[in-house]
Amino acid sequence: MRCTFIDVGQGLSVLLELPNDKAILYDAGRMGSPSAAVRAISTTLWSRGRTHLDAVIISHADADHFNAIPELLERFSVGVIYMSPPMLRKRDPATRELLTAIEQKHVPLRALWQGCSLNARDGRVSILHPTGVGITATRHGSVDNANSIVLLAESYGKRLLLTGDIESAGLAGLLEQPAARCDVILAPHHGSPRSRPSDVAAWCEPKITVISSGLTRPAAEVRDAYTAGGRTLLHTGVCGAIEATLGPEGVRIETQHAKNR
């Protein structure tokens with residue numbers, strides 16, 4: 001299983017290539033104009049010889065996680081697009097525009113929630129959050145962020161966690177689930193201190209944590225949480241695209257900047 005954290009700047013897009021050669025894109029967007037994200041994602045897909053995505057999973061209803069999708073639908077065929085039930089109920093202008101683009105391309109749209117799974121030979125993708133009802137209110141933070149789809153991918157006994165922007169009540173609910181020890185995780189909410197980095201690190205004990213964001217370096221408390229005990233913290237703003245391969249021999253990490261050198 002190969003996971004590529006694409007360098008889209010301040011945003012998120014992750015390409016997950018399963019052992020059966022199926023391709024899933026988890027989010028596709030960035031702050032402001034999506035053009036740079038479209039270019040980065042397209043270049044990554046074309047470099048792998050891909051003109052088709054088997055699935056796109058949109059973690060939640062923030063534009064920096066989905067605003068590249070309409071243009072990507074002009075360039076690539078897509079088998080199915082998944083959203084959470086709370087996002088499917090949204091009717092704000094940005095989400096309506098996205099739904100219109102999906103409908104015009106006749107791409108099936110389906111819901112994903114806690115307990116759903118996508119299985120492949122030598123690999124499994126499970127949804128840990130949200131429930132079908134989702135989070136309806138939070139005392140702090142965004143309801144959309146709290147309803148982020150959290151995805152756990154497993155291959156050859158290795159585990160990868162993708163967290164979207166999960167925070168507040170959604171993150172509290174996730175951390176109440178049985179501990180999920182992981183080899184590689186995406187730091188929630190672009191490495192925001194509000195996403196309880198110390199608690200997340202204690203819960204899933206990641207060996208490698210990836211922050212997807214622009215050039216802004218993570219806060220000291222975030223760095224400390226994800227590097228404690230000799231753990232590794234990587235940042236797309238510094239490393240460029242980050243590729244993690246999970247296989248029978250273990251986990252291999254390669255970064256775009258190291259490849260260029």
Side-chain angles (χ1 to χ4, degrees), residues 1-17 23-48 50 53 56-60 62-69 72 145 148-151 153 160-167 182-195 197 200-201 204 206-227 231-246 251-261:
M1 182 181 291
R2 179 164 59 176
C3 177
T4 305
F5 300 86
I6 301 170
D7 180 16
V8 294
Q10 186 61 41
L12 180 65
S13 189
V14 181
L15 176 63
L16 190 62
E17 297 170 285
I24 298 173
L25 192 67
Y26 178 88
D27 283 347
R30 61 167 284 154
M31 292 290 287
S33 170
S35 299
V38 172
R39 287 195 299 271
I41 296 165
S42 299
T43 299
T44 299
L45 292 172
W46 288 328
S47 72
R48 307 283 168 78
R50 295 192 181 276
L53 288 164
V56 173
I57 297 175
I58 303 174
S59 66
H60 67 295
D62 274 357
D64 62 320
H65 290 252
F66 68 73
N67 63 4
I69 289 175
L72 289 172
N145 288 351
S148 289
I149 290 177
V150 177
L151 179 157
L160 166 82
L161 189 73
L162 301 180
T163 57
D165 279 358
I166 192 165
E167 62 180 4
C182 295
D183 296 274
V184 182
I185 73 165
L186 172 72
H189 203 178
H190 313 285
S192 168
R194 296 198 306 272
S195 287
V200 171
C204 60
K207 297 177 181 176
I208 299 157
T209 300
V210 175
I211 293 176
S212 177
S213 70
L215 296 176
T216 303
R217 299 296 183 99
E221 65 185 278
V222 176
R223 294 197 305 271
D224 292 345
Y226 292 124
T227 58
R231 297 170 178 149
T232 299
L233 177 63
L234 300 173
H235 182 202
T236 58
V238 174
C239 300
I242 298 165
E243 183 180 296
T245 304
L246 284 62
V251 178
R252 184 178 74 249
I253 299 290
E254 294 182 86
T255 68
Q256 180 181 355
H257 288 183
K259 284 182 178 179
N260 290 342
R261 287 197 298 270

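For the single chain, residues carry numbers from 1 onward in sequence order. Just the heavy atoms: all of them, side chains too, but no hydrogens, waters or symmetry mates, feed the values below.
Here the closest non-hydrogen pair linking Pro193 and Ala219 is CG-CB, 3.9 Å. The heavy-atom pair separating Arg50 from Ala23 by the smallest distance is NH1-CB, 3.5 Å. Of all the heavy atoms in Thr163 and Tyr26, the pair that sits closest is C-OH, 3.6 Å. When all heavy atoms are compared, the tightest approach of Leu72 to Ala28 is CD1-CB, 3.7 Å. Residue Gly191 comes nearest to Val222 through the heavy atom pair O-CG2, 3.3 Å, listed as atom of the first residue, atom of the second, then distance. Taking both residues in full, the closest heavy atoms of Met1 and Ala153 are given as SD-CB, 3.6 Å, listed atom of the first, atom of the second, then distance.
Contact check for Ile211 versus Thr236: no side-chain heavy atoms found under the 4.5 Å cut-off. Contact of the Leu160 side chain with the Leu16 side chain is registered, since non-hydrogen atoms from C-beta on lie closer than 4.5 Å. Side chains of Ile41 and Val8 form a contact here, defined as non-hydrogen atoms less than 4.5 Å apart. For the pair Leu15 and Leu53, the minimum side-chain heavy-atom distance is below 4.5 Å. Annotation: side chain of Arg217 is in contact with side chain of Val238 (closest heavy-atom distance under 4.5 Å). Side-chain contact between Asp165 and Ser59 is absent, with no heavy atoms from C-beta onward closer than 4.5 Å. In this structure, the side chains of Val184 and Cys3 stay at 4.5 Å or more apart for every pair of heavy atoms. Between Val251 and Lys207 the shortest side-chain heavy-atom distance does not fall below 4.5 Å.
For the atom pair Thr43 OG1 and Ile6 CD1, the distance stands at 9.5 Å (nearest 0.5 Å). The CE atom of Met31 sits 12.0 Å away from the OG atom of Ser213 when rounded to the nearest 0.5 Å. Interatomic distance, Arg223 CZ to Leu233 CG, rounded to the nearest 0.5 Å: 8.5 Å. Thr216 contributes atom OG1, which lies 11.5 Å from atom NE2 of His190 (distance to the nearest 0.5 angstrom). In this structure, Glu243 CD and Arg252 CZ are separated by 6.5 Å, a value rounded to the nearest 0.5 Å. From Leu151, atom CG reaches atom CD1 of Ile57 across 5.0 Å, with rounding to the nearest 0.5 Å.
Side-chain atoms of His189 do not come within 3.5 Å of backbone N or O of Ile166 as any donor-acceptor pair. The backbone N or O of Asn145 sits less than 3.5 Å from a side-chain atom of Ser148, completing a donor-acceptor pair. Without hydrogens or angle criteria, Tyr226 side chain to Pro206 main chain gives no donor-acceptor distance under 3.5 Å. In this structure a side-chain-to-backbone donor-acceptor pair under 3.5 Å is missing from Asp7 to Gly237. Proximity of a side-chain donor or acceptor of His235 to a complementary backbone N or O of Gly240 within less than 3.5 Å is not detected. Using modelled atom types, no side-chain atom of Arg2 and backbone atom of Glu17 make a donor-acceptor pair closer than 3.5 Å. Side-chain N or O atoms of His65 include none that pairs as donor or acceptor with a backbone N or O of Ile58 at under 3.5 Å. Using modelled atom types, no side-chain atom of Ser42 and backbone atom of Arg39 make a donor-acceptor pair closer than 3.5 Å.
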Start with the C-alpha distance between Val200 and Ile185, add both sets of side-chain angles, then the distance that settles side chain to side chain contact (heavy atoms under 4.5 Å, CB included), and finish with yes or no.
CA-CA 10 Å; Val200 171; Ile185 73 165; 4.0 Å; yes
Step-by-step side chain to side chain contact (heavy atoms under 4.5 Å, CB included) determination, Leu12 to Leu186:
CA-CA 10 Å; Leu12 180 65; Leu186 172 72; 3.7 Å; yes
Worked check of side chain to side chain contact (heavy atoms under 4.5 Å, CB included) between Phe5 and Thr255:
CA-CA 9 Å; Phe5 300 86; Thr255 68; over 6 Å; no
Step by step, work out the side chain to side chain contact (heavy atoms under 4.5 Å, CB included) result for Arg231 and Thr209.
CA-CA 8 Å; Arg231 297 170 178 149; Thr209 300; over 6 Å; no
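Listed by first and then second residue, the salt bridge (Lys or Arg N to Asp or Glu O under 4.0 Å) pairs that reach into residues 184-194 are Glu167-Arg194, sequence neighbours excluded.
Among Thr232, Ile253, Ile242, the one residue that satisfies the side-chain contact (heavy atoms from CB on, under 4.5 Å) test with Val210 is Ile242.
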